[in-house]
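Computed from a predicted model, the values in this text were never measured in an experiment. Atoms considered below: every heavy atom in the structure, side chains included; atoms not considered: hydrogens, waters and symmetry mates.
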Amino acid sequence: MRAAGFLLCLVAVASVLAQSGGISERIQHALAASGEGEAAAQALAGRNFARVAELLAATKATSAAERAELLSLRGAVWFLDGKMSASAVAFGEAAALAPLADGDRFTLAMALVKLGDDARARVQLENLAQKTPAQALYLYWLGRLDYDQRRYQEAVAKLGKATQLDPRSARAWDSLGLAFDMQGQREQALSAFDKAVNLNRGQTHPSPWPPHDLGYLLLRMERPAEAEAALRESLRYPPKPAQTHYYLGRALEKEGRDTEAVEEYKSAVAADTSSPDACYSLAMLYRKLHRGREAQAMFAEFRKRRQASSQ
């Protein structure tokens with residue numbers, strides 16, 4: 001399994017930034033009368049989020065609409081600062097005064113996703129999807145919620161629609177592939193992952209996950225050479241997931257390239273100090289290679305990690 005929480009965090013922040021509607025410009029406008037607009041914009045650019053929130057909180061509103069805007073901006077700033085509870089509270093207070101703008105409603109939804117409050121996040125996203133049915137982003141996130149809740153058939157429907165609305169979205173194709181895969185529809189998953197990988201290569205900052213997901217599927221389909229190629233591509237992109245090293249080790253071992261497999265397993269063991277899987281595979285490979293002392297040490301590490309994970 002991929003590191004879902006970490007990935008969700010990255011994708012949520014990227015989505016909010018893409019939908020922010022010019023937070024810096026809004027802050028400068030909201031603080032223009034107090035003369036603090038430029039200072040707040042500079043603090044935002046420097047990621048001094050606490051200072052921005054302080055300036056927003058100190059600004060006096062002359063109407064309910066202005067108060068709602070100041071609260072919404074604080075919600076956006078707290079989100080960027082990783083303070084999801086504070087963000088959700090600020091947006092809730094703003095919504096009580098005036099309807100949230102679409103970008104702010106989406107940021108609230110992402111804060112709720114990261115808080116694990118999928119039910120309330122779904123309400124916000126469904127409202128946005130109904131309002132703007134041609135926007136693929138909202139369907140994508142509704143599909144992601146379905147996937148996380150193991151509602152794979154519903155996820156396929158929403159993510160499939162998202163790829164129709166935005167056929168160049170690598171993450172939508174990748175998530176569609178995952179949903180197909182969980183339903184045992186491997187050929188459909190393979191096709192979706194292929195599209196995701198090809199689109200991903202054209203991104204300014206390619207993600208390691210589309211080729212990782214393709215490689216893992218090919219590994220399970222007993223196509224280790226193709227899996228190796230996809231997994232090596234994944235490792236060309238940061239953050240070089242530990243899982244990718246692990247699956248690459250398995251592919252290399254299936255190809256009979258044990259020395260290379262050892263190195264990939266070792267990389268996986270070092271990159272993720274909690275997962276026992278690579279430890280076990282490395283221990284078994286050491287045993288096969290008659291490296292008894294190393295096998296014994298790795299079995300001990302495997303048992304330690306497995307015990308820690310069960311507590």
Side-chain angles (χ1 to χ4, degrees), residues 1-20 106 110 113-114 135-148 152 155-183 185-221 223-252 264 267-268 271-272:
M1 297 293 289
R2 67 163 61 177
F6 176 72
L7 178 66
L8 193 65
C9 176
L10 292 179
V11 176
V13 172
S15 297
V16 165
L17 290 175
Q19 295 287 304
S20 64
F106 179 71
M110 294 297 95
V113 166
K114 294 178 71 176
Q135 172 60 267
L137 180 66
Y138 308 139
L139 277 174
Y140 164 77
W141 276 103
L142 285 167
R144 283 291 303 272
L145 289 179
D146 284 336
Y147 179 86
D148 291 343
Y152 301 122
V156 164
K158 292 184 179 72
L159 292 166
K161 179 63 174 177
T163 62
Q164 293 174 18
L165 292 171
D166 185 3
R168 297 197 61 77
S169 173
R171 66 184 178 186
W173 282 110
D174 187 40
S175 294
L176 178 59
L178 291 171
F180 275 133
D181 194 8
M182 292 304 294
Q183 293 191 112
Q185 297 174 276
R186 287 188 169 182
E187 291 302 325
Q188 294 93 326
L190 191 62
S191 176
F193 287 146
D194 275 331
K195 290 185 175 70
V197 167
N198 288 329
L199 290 166
N200 187 60
R201 290 185 186 124
Q203 302 296 309
T204 303
H205 301 290
S207 165
W209 292 110
H212 168 97
D213 294 334
L214 174 61
Y216 182 40
L217 175 59
L218 290 166
L219 179 65
R220 287 178 287 124
M221 294 175 74
R223 294 160 63 172
E226 294 170 83
E228 178 195 347
L231 294 166
R232 288 195 185 280
E233 178 176 350
S234 175
L235 290 172
R236 293 204 297 268
Y237 311 135
K240 304 182 188 301
Q243 295 159 282
T244 310
H245 284 291
Y246 171 56
Y247 294 138
L248 179 55
R250 286 177 52 187
L252 291 166
E264 292 303 327
S267 294
D272 184 348

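Other residues, nucleotides and ligands contribute at most 12 non-hydrogen atoms within 6.0 Å of the CZ atom of Arg168.
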Q: Evaluate the side chain to side chain contact (heavy atoms under 4.5 Å, CB included) criterion for residues Leu159 and Leu139: first the C-alpha distance (whole Å), next the side-chain angles of each, then the deciding distance (0.1 Å), finally the verdict.
A: CA-CA 7 Å; Leu159 292 166; Leu139 277 174; over 6 Å; no
Q: Please lay out, stage by stage, how Arg232 and Leu235 fare under the test side chain to side chain contact (heavy atoms under 4.5 Å, CB included).
A: CA-CA 5 Å; Arg232 288 195 185 280; Leu235 290 172; 5.7 Å; no
Q: Take Val156 and Tyr147 through the test side chain to side chain contact (heavy atoms under 4.5 Å, CB included) and record every step on the way to the result.
A: CA-CA 8 Å; Val156 164; Tyr147 179 86; over 6 Å; no
Q: Step by step, work out the side chain to side chain contact (heavy atoms under 4.5 Å, CB included) result for Arg186 and Arg220.
A: CA-CA 10 Å; Arg186 287 188 169 182; Arg220 287 178 287 124; 3.8 Å; yes
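Of all non-hydrogen atoms in Ala170 and Ala196, the two that sit nearest each other are O-CB, 3.5 Å. The two residues Ala136 and Asp166 come nearest to each other via the heavy atoms CB-CB, 3.6 Å. Between Arg171 and Tyr140, the closest heavy-atom pair is O-CE1, 3.7 Å. Nearest heavy atoms, Pro211 versus Ser234: CG-CA, 3.6 Å. Annotation for Pro239 and Pro208: closest pair CD-CG, 3.5 Å, computed over non-hydrogen atoms.
Counting heavy atoms from C-beta outward, Pro241 and Trp209 have side chains that approach closer than 4.5 Å. For the pair Arg201 and Tyr237, the minimum side-chain heavy-atom distance is below 4.5 Å. Taking the side chain as every heavy atom from C-beta outward, Arg223 and Leu190 approach each other to under 4.5 Å. The closest side-chain heavy-atom distance from Asp146 to Tyr152 is not below 4.5 Å. Side-chain atoms of Asn198 and Lys195, non-hydrogen and from C-beta on, never get closer than 4.5 Å to each other.
Thr163 contributes a side-chain N or O that, together with a main-chain N or O of Gly160, makes up a donor-acceptor pair within less than 3.5 Å. For Asn200 (side chain) and Ser207 (main-chain N/O), a donor-acceptor pair under 3.5 Å exists by modelled atom type. Judged by distance alone, with hydrogens and angles left aside, the side-chain atoms of Gln135 form a donor-acceptor pair with the main-chain N or O of Leu137 at under 3.5 Å.
The distance from the NZ atom of Lys158 to the CG atom of Leu176 is 13.0 Å, given to the nearest 0.5 Å. If you take CZ on Phe193 and OG on Ser175, they are separated by 8.5 Å, rounding to the nearest 0.5 Å. With values rounded to the nearest 0.5 angstrom, Tyr246 atom OH is found 12.0 Å from Asp272 atom CG. To the nearest 0.5 Å, the span separating CG on Leu178 from CZ on Arg144 amounts to 8.0 Å. Asp194 CG to Leu199 CG: the interatomic distance, rounded to the nearest 0.5 Å, is 11.0 Å. If you take CG on Leu219 and CD on Glu228, they are separated by 11.0 Å, rounding to the nearest 0.5 Å.
Between Tyr247 and Tyr216, the ring planes lie parallel to each other; the angle is under 30°, not in the 30° to 60° tilted range.
Considering Thr244, Leu231, Leu248 in turn, Leu248 is the only one that fulfils the side-chain contact (heavy atoms from CB on, under 4.5 Å) rule with Glu264.
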